[in-house]
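Written out below as structure tokens is the structure these notes cover.
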Amino acid sequence: TLLLLSFITSGCGDNQQAGTDADNPIVLKYAFFAPANTFPAQQMEKWKEEVENRTNNRVKVELFPGGTILTDKNMYDGVKNGVVEMGLSSTTYEPGRFPLLGISDLPSGYPNATVASKVVYDLIQEYPPEAFQDFKIITAFATEPNYLMTNFPVSTLQGLQGKRIRISSSVTPVLTQLGASPISMSMAEVPQSLQTGIVEGIVTSREVLKDLKLVENLSYGVDYPLSIVTFVAVMNKNVWDSLPSDIQQVIDELGQEMAIWTGEYKDSHVAESLDWSKNNHAFELIRLSQDEIEAWNQVLQPLQDEYVADLQSKGLPAEAYQERLYELISQYSQ
Ligand code: 3IO
């Protein structure tokens, strides 16, 4: 009877359940807001390859980068509503929606993207964001600490006053503190905003000088590390619940692996982009004087503590989160 029952429930012919073999795979559509050659989209390619290989092609992943199905404005809601099964976006783009993640986005002394990605991945496991309650978190990672890059030389705070500089939304207080006029927008909108002069500079990670050819409009960088940008990839919860447990296990095993892979990919890509930009476009990385470094430190230093105090007063475990943040940075920087 058991055999007969399983024959009936698994059906036959057209009704065969997806995911039992490579001829009838489970299809996962996975969307992102920026172009395919950028580092978050390269992460998607790697994840696709690993999931398909490790499930013997019982899962087929279809990638939609470039904002073709969903953009940064509707990514997480689109996944929740089932427009696609999976989406990758930046929590840093949505101020207020991920309050604790806003702490680790502010300047914290991360040495690079690898450490930042490991730290952010762990923090998300230990403090699962409430806004992701109805999602399955697939992986998380972060940029290197971001740098100011401009079309005019900056060597003092004075030279930055009132300048129109793009930054991602949640970390705009960094630029306010430095005296610039922050303008927040998605990375997808940055190339045109630079070309048309809507902004005179940007704060982000430096691989985009090459990947998005931004070096054509940005001749200078300031060698002073600022905030990071956090990315979280999610799956629709009903889709996750419907997956066979061995496939769920493959995906879970990849969570931290992808955080590390992406951080390392990113760090090596930044180095390559900087070399290329210096050699082919005379891009100049400006080192601040010791006095200036101290001035920048002084205006930025209170930011995180003030934000933590505000969240703590609203009942969030912000102080514990901040303490764990520095523990993890020190652990992963060894
Ligand atoms: C990013 C987003 C999309 C594509 C490439 C990227 N490199 C760094 C980011 C993060 C970001 O949006 C930002 O504001 O630094």
Side-chain angles (χ1 to χ4, degrees), residues 92-93 95 102-113 116 142-187 189-210 212-229 270-271 273-275 277-279 281-310:
T92 314
Y93 281 14
I103 299 171
S104 39
D105 281 346
L106 289 169
S108 310
Y110 302 99
N112 53 45
T143 60
E144 65 163 349
N146 291 176
Y147 290 82
L148 178 65
M149 291 169 277
T150 47
N151 62 16
F152 58 97
V154 176
S155 52
T156 62
L157 273 185
Q158 192 55 39
L160 194 56
Q161 301 311 293
K163 297 291 191 181
R164 300 184 311 274
I165 310 288
R166 176 271 171 189
I167 190 164
S168 57
S169 185
S170 295
V171 284
T172 51
V174 166
L175 280 176
T176 313
Q177 286 294 104
L178 294 175
S181 297
I183 299 176
S184 78
M185 67 183 77
S186 154
M187 186 62 83
E189 297 157 48
V190 164
Q192 198 180 3
S193 298
L194 275 169
Q195 278 160 26
T196 57
I198 288 173
V199 295
E200 304 156 273
I202 63 176
V203 171
T204 190
S205 52
R206 300 167 295 180
E207 88 290 349
V208 291
L209 289 171
K210 186 176 185 204
L212 298 175
K213 301 286 180 285
L214 299 187
V215 74
E216 289 168 12
N217 291 286
L218 296 167
S219 303
Y220 306 93
V222 177
D223 194 10
Y224 183 99
L226 297 164
S227 39
I228 62 165
V229 174
V270 163
S273 166
L274 277 178
D275 279 348
S277 299
K278 287 172 188 168
N279 295 336
H281 293 270
F283 178 81
E284 187 187 341
L285 202 55
I286 297 169
R287 295 186 64 169
L288 299 176
S289 70
Q290 198 53 43
D291 282 355
E292 276 297 320
I293 290 174
E294 276 158 29
W296 291 49
N297 289 346
Q298 202 182 346
V299 295
L300 293 174
Q301 201 258 325
L303 264 186
Q304 191 177 62
D305 287 341
E306 284 172 14
Y307 180 61
V308 165
D310 181 48

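Small disclaimer: the values here were computed from a predicted structure and weren't measured.
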To the closest 0.5 Å, what do you measure between [atom1] ([X]) and [atom2] ([Y])?
| X | Y | atom1 | atom2 | result |
| --- | --- | --- | --- | --- |
| His281 | Leu218 | NE2 | CG | 11.5 Å |
| Leu178 | Leu226 | CG | CG | 6.5 Å |
| Leu274 | Asn279 | CG | CG | 10.5 Å |
| Ser205 | Asn112 | OG | CG | 12.5 Å |
| Asn151 | Leu214 | CG | CG | 12.0 Å |
| Ser193 | Met187 | OG | CE | 11.0 Å |

Please output the side-chain donor-acceptor pairs of residues 164-172 that fall under 3.5 Å, not counting sequence neighbours, one pair per line with the distance.
{"residue": "Arg164", "atom": "NE", "partner": "Ile198", "partner atom": "O", "Å": "2.9"}
{"residue": "Arg164", "atom": "NH2", "partner": "Gly197", "partner atom": "O", "Å": "2.8"}
{"residue": "Arg166", "atom": "NE", "partner": "Met185", "partner atom": "O", "Å": "3.1"}
{"residue": "Arg166", "atom": "NH1", "partner": "Val203", "partner atom": "O", "Å": "3.3"}
{"residue": "Arg166", "atom": "NH2", "partner": "Met185", "partner atom": "O", "Å": "2.9"}
{"residue": "Ser170", "atom": "OG", "partner": "Thr92", "partner atom": "O", "Å": "2.9"}
{"residue": "Thr172", "atom": "OG1", "partner": "Ser169", "partner atom": "O", "Å": "3.2"}

>> According to salt bridge (charged side-chain N to carboxylate O under 4.0 Å, His left out), who are the partners of Glu189, at least two apart in sequence or on a separate chain?
In response: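 Partners of Glu189 by the salt bridge (charged side-chain N to carboxylate O under 4.0 Å, His left out) criterion, ordered by chain and then number, come out as Lys73.
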Do you know the tightest heavy-atom contact between [X] and [Y]?
| X | Y | value |
| --- | --- | --- |
| Ser104 | Ser108 | O-OG, 3.9 Å |
| Phe283 | Gly221 | CZ-N, 3.5 Å |
| Pro145 | Tyr110 | CG-O, 3.2 Å |
| Ile103 | Gln304 | O-NE2, 2.7 Å |

>> For residues 143-162, which residue pairs pass the salt bridge (Lys or Arg N to Asp or Glu O under 4.0 Å) check, not counting sequence neighbours?
In response: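 Applying salt bridge (Lys or Arg N to Asp or Glu O under 4.0 Å) to every pair that reaches into residues 143-162, excluding sequence neighbours, yields Glu144-Arg206.
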> So Gln195 and Asn217, side-chain contact (heavy atoms from CB on, under 4.5 Å) or not? Walk me through it.
Replying inline: CA-CA 7 Å; Gln195 278 160 26; Asn217 291 286; 3.6 Å; yes
Going by side chain to side chain contact (heavy atoms under 4.5 Å, CB included), name the residues that satisfy it together with [X], two or more places apart in sequence or in a different chain.
| X | value |
| --- | --- |
| Thr176 | Pro182 |
| Gln192 | Thr196 |
| Glu284 | Tyr220, Ile286 |
| Asp305 | Gln301, Gln322 |

> Any side-chain heavy-atom pair from Thr150 and Glu200 closer than 4.5 angstrom?
Replying inline: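 Sidechains of Glu200 and Thr150: no contact.
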> Quick one: are Met149 and Thr204 in side-chain contact, heavy atoms under 4.5 Å?
Replying inline: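 Yes; the side chains approach each other to less than 4.5 Å.
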> Got a donor-acceptor contact below 3.5 angstrom from the Lys163 side chain to the Leu160 backbone?
Replying inline: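 Flag not set: sc Lys163 to bb Leu160 has no pair under 3.5 Å.
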side-chain hydrogen bond (donor to acceptor under 3.5 Å, both in side chains) partners of [X], counting only residues at least two apart:
| X | value |
| --- | --- |
| Thr143 | Asn146 |
| Asp310 | Lys314 |
| Asn297 | Tyr224 |

>> Under the rule for ring-ring contact (aromatic ring centres under 6.0 Å, His included), what residues qualify as partners of Tyr93, not counting sequence neighbours?
In response: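 By the ring-ring contact (aromatic ring centres under 6.0 Å, His included) rule, Tyr93 matches Phe33.
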> Who pairs with Tyr147 by ring-ring contact (aromatic ring centres under 6.0 Å, His included), at least two apart in sequence or on another chain?
Replying inline: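 None.
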> With Leu106, which of Ile228, Leu300, Leu303 fulfils side-chain contact (heavy atoms from CB on, under 4.5 Å)?
Replying inline: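 Answer to the side-chain contact (heavy atoms from CB on, under 4.5 Å) test with Leu106 among Ile228, Leu300, Leu303: Leu303.
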>> Run Ser219 and Phe152 through side-chain contact (heavy atoms from CB on, under 4.5 Å) and show every step you take.
In response: CA-CA 7 Å; Ser219 303; Phe152 58 97; over 6 Å; no
> Around atom CD of Gln298, are there more than 12 heavy atoms of other residues, nucleotides or ligands at under 6.0 Å?
Replying inline: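 Atom CD in Gln298 is not packed in, count stays at 12 or less.
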